[in-house]
> 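Handing you this structure, nothing more for now.
What you see is a predicted model; the values in this text were computed from it and never measured.
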Amino acid sequence: MYDEEPMTQQRREAFWRTFGWTPDLPETQRREIENRWSDPKIQEAEALGF
């Protein structure tokens, strides 16, 4: 699957925020969300309409 829009930090953070991510979360909680939703997984979810 090819996505014309580049994956930016802003795009990642916008997606992660749907799961409660904020820069102020404790590091372990923040990392858990970030690790669960890698760039390929974010792109796949977006392609499926998430």
> Hey, could you give me the CD1/CZ distance between Ile42 and Arg12, rounded to the nearest 0.5 Å?
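Spacing of CD1 (Ile42) from CZ (Arg12) equals 7.0 Å.
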> Tell me every residue that passes side chain to side chain contact (heavy atoms under 4.5 Å, CB included) with Ser38, counting only those two or more places apart in sequence or in another chain.
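For Ser38 the side chain to side chain contact (heavy atoms under 4.5 Å, CB included) partners, ignoring immediate neighbours, are Pro40, Lys41.
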> Under the ring pair (Phe, Tyr, Trp, His ring centres under 6.0 Å) test, which residues partner Trp21, sequence neighbours left out?
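So Trp21 forms a ring pair (Phe, Tyr, Trp, His ring centres under 6.0 Å) with Trp16.
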> So, do Glu27 and Glu32 sit near enough that their side-chain heavy atoms are less than 4.5 Å apart?
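Sidechains of Glu32 and Glu27: no contact.
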> Sequence neighbours excluded, which residues qualify as side chain to side chain donor-acceptor pair (under 3.5 Å) partners of Gln29?
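Expected list: none.
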> Could you tell me the separation between the CD1 atom of Ile33 and the OG1 atom of Thr22, rounded to the nearest 0.5 Å?
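One finds 8.0 Å between CD1 of Ile33 and OG1 of Thr22.
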> Looking at CG of Asp39 and CZ of Arg11, how far apart are the two atoms once the value is rounded to the nearest 0.5 Å?
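Rounded to the nearest 0.5 Å, the CG-CZ separation comes out at 8.0 Å.
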> Who passes side chain to side chain donor-acceptor pair (under 3.5 Å) against Arg17, sequence neighbours left out?
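Listed in chain order: nothing, the list is empty.
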> List the residues meeting salt bridge (Lys or Arg N to Asp or Glu O under 4.0 Å) with Glu34, not counting sequence neighbours, and say none if there are none.
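Per chain and number, Glu34 pairs via salt bridge (Lys or Arg N to Asp or Glu O under 4.0 Å) with Arg30, Arg31.
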> Name all residues meeting the side chain to side chain contact (heavy atoms under 4.5 Å, CB included) criterion together with Gln10; count only those two or more places apart in sequence or in a different chain, and write none if there are none.
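Gln10 satisfies side chain to side chain contact (heavy atoms under 4.5 Å, CB included) with Thr8 only.
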> List for me each residue that meets side chain to side chain contact (heavy atoms under 4.5 Å, CB included) alongside Ala14, sequence neighbours excluded, and say none if there are none.
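With sequence neighbours excluded, Ala14 shows a side chain to side chain contact (heavy atoms under 4.5 Å, CB included) to no residue whatsoever.
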> Would you call the rings of Phe15 and Phe50 parallel, tilted or perpendicular if under 30° counts as parallel and over 60° as perpendicular?
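Phe15 vs Phe50 ring planes: tilted.
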